[in-house]
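Heads up, the thing below is written out as structure tokens.
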Number of protein chains: 2
Amino acid sequence: MSFNEKLKLAWKKNNSLVCVGLDPDLSRLPAGLAPQRESIFEFNKAIIDATHDLVCAYKPQIAYFSACSAEEQLEQTIRYIKTNYPDIPVILDSKRGDIGSTAQQYAVEAFERYQADAVTINPYMGVDSAEPFLTYQDRGVILLCRTSNSGASDIQDLVVNGSPLYEKVADLVANQWNKHNNCLLVVGATWPEQMAKIRSIVGDMAFLVPGAGAQGGDVEQLVKAGKTEDGTGLIVNSSRGILYASSGRDFAEAARNETLKLRDLINQFR
Amino acid sequence: MSFNEKLKLAWKKNNSLVCVGLDPDLSRLPAGLAPQRESIFEFNKAIIDATHDLVCAYKPQIAYFSACSAEEQLEQTIRYIKTNYPDIPVILDSKRGDIGSTAQQYAVEAFERYQADAVTINPYMGVDSAEPFLTYQDRGVILLCRTSNSGASDIQDLVVNGSPLYEKVADLVANQWNKHNNCLLVVGATWPEQMAKIRSIVGDMAFLVPGAGAQGGDVEQLVKAGKTEDGTGLIVNSSRGILYASSGRDFAEAARNETLKLRDLINQFR
């Protein structure tokens, strides 16, 4: 089954466009979990068990694992999802990008070592840097287009032939890089106008939308700007807003409540 | 000591602009080394011992380690260089780039976990994605500008206000992002004309130059295009051309010979 097919089934099954981002920050682990890498899997497992029926995807952010030598905990986390909740796709957020021979190694990292269903990558180096990922036709390749951070404008808004660079990236991905129909785009929740424009360029291509939680993106605006005609097309990620909803022993329950709130809020505007 | 000072001393000490890229590909390890991750450190150590007096830097490419779960071998390799050849800077080639809070984790990965002297990063997400790296003022931050691969032109050549995007990136880095004087740029050996233009934009800022070896960049052209007035300014990387110069048990000696040849060829044109 392709990533896009798996995603569609998950949207439907859980009636949800919410993705929970797994960014386990040792300095923010809740009460009862020691701030050490051995706690990471336990934390992730509790979050996953509490939210699996409310989400369309999980998105572990590899940086939080790499910074504290927790590759094993990342492997364990993904294996846990795939074993216990096989209908929920896993997006490895790693934003890799390199020349072809090196990108090949990164594709092995994401798709073979970690067994991710999809991976985020950076388009700056061009199509040959994406190709080793794209050839895994059953996996999703999610290219940065308009990111959620404030500095996104520094490069992405530079004007190319009368349009901002991110629109050119959207156009290239949709019309040249998407031969196997496995491309998606990262479009930040914080930029609803830009999102609407990108939607008009790329048709029904799904967007991974970071920035809806702690980063403050407005849910009504983003859903209206980004949804496709059938009310899907979006993977709306929240990480910190869900993971750290409570710093007490009730963190998993609090995470469930936040996920439910976000799901229902999104569903109002689909 | 800052990265740039350390680099200047290494250029001088070994009279060399050559950087050996450590891309340990298990499928290409020479005779006598089993194709398994336990061989990686042994391979790197032999290459390093054979070339340490001929180089200005080593550049491990993290993808080759991550693909085969060899993080420990990467740590060991960098520790070996820093213990035995402390004058030679280590550049971690990882091309990271993410929003600030995540970039902070990647900075910890590069500079604290792996203790790299410098790291490569991708500028597409803007200055706030670079900031967590830039605040390590004694480390080098090497931003992708014009990469060596054929697809580099897809995005990097798009015309912004009459100039290609990579020139705009060079200008932004030199005039806005380089407050702590710790920025460098990646400029591929395969594009000498573009390199000359970038040199004219950024003054004496050092370039990491991939593509001189297996990728076929012309050494005379690149050195003339990229050197600074004092005949330095370049970190000319060769990975596969040196590492796999021989597939026999004489691989380290062959690597030394290739490094020496490249060093002397470069020095003819400085």
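Everything numeric in this text was worked out from a predicted model, so none of it was measured. So you know, we letter chains A, B, ... as the sequences are listed, proteins then strands, and number each from 1.
- The list of ring pair (Phe, Tyr, Trp, His ring centres under 6.0 Å) pairs with a residue in residues 139-191 of chain B, not counting sequence neighbours, is empty.
- Among the candidates P123(B), G97(B), S129(B), the residue making the largest number of heavy-atom pairs closer than 4.5 Å to chain A is P123(B).
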Item to check | side chain to side chain contact (heavy atoms under 4.5 Å, CB included) evaluation trace for V119(A) with Y136(A) | outcome: CA-CA 11 Å; V119(A) 67; Y136(A) 285 79; over 6 Å; no
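- For the set Q105(B), R146(B), K95(B), E109(B), the entry with the most heavy-atom pairs within less than 4.5 Å of chain A is Q105(B).
- V90(A) is listed as a side-chain neighbour of P60(A), based on a closest heavy-atom distance under 4.5 Å.
- Top candidate by heavy-atom pairs under 4.5 Å with chain A, chosen from C145(B), S153(B), S148(B), is C145(B).
- Between the side chain of S238(B) and the backbone N or O of A212(B) there is no donor-acceptor pair closer than 3.5 Å.
- A distance-only check finds no donor-acceptor pair linking the side chain of N182(A) to the backbone of V141(A) [under 3.5 Å].
- Contacts between V159(B) and chain A at a heavy-atom distance below 4.5 Å involve the backbone alone (N, CA, C, O).
- If you tally non-hydrogen atom pairs under 4.5 Å between each of V127(A), N122(A), V108(A), T147(A) and chain B, the highest count goes to N122(A).
- Scanning residues 66-76 of chain A against chain B with a 4.5 Å heavy-atom cutoff picks out S66(A), A67(A), S69(A), E71(A), E75(A), ordered by number.
- Looking at L144(B), the atoms closer than 4.5 Å to chain A (heavy atoms on both sides) sit in the backbone and in the side chain alike.
- Considering only heavy atoms from C-beta on, I99(B) stays 4.5 Å or farther from D128(B) through its side chain.
- Of the atoms belonging to S101(B), heavy atoms from both backbone and side chain fall under 4.5 Å from chain A.
- D93(B) and Q61(B) are linked by a side-chain donor-acceptor pair at a separation below 3.5 angstrom, with hydrogens and angles left out of the test.
- One finds the CD atom of Q176(A) at 11.5 Å from the CG atom of N178(A) (value rounded to the nearest 0.5 Å).
- Side-chain atoms of Y58(A) and N44(A), non-hydrogen and from C-beta on, never get closer than 4.5 Å to each other.
- The candidate from E112(B), R96(B), K168(B) with the greatest count of non-hydrogen atom pairs under 4.5 Å with chain A is R96(B).
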Checklist entry - Given R240(B) and D25(B), is the salt bridge (Lys or Arg N to Asp or Glu O under 4.0 Å) satisfied, shown in steps? => result CA-CA 9 Å; R240(B) 290 167 281 175; D25(B) 185 338; over 6 Å; no
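- Counting heavy-atom pairs under 4.5 Å between each of L172(B), T120(B), N161(B), T102(B) and chain A puts T102(B) at the top.
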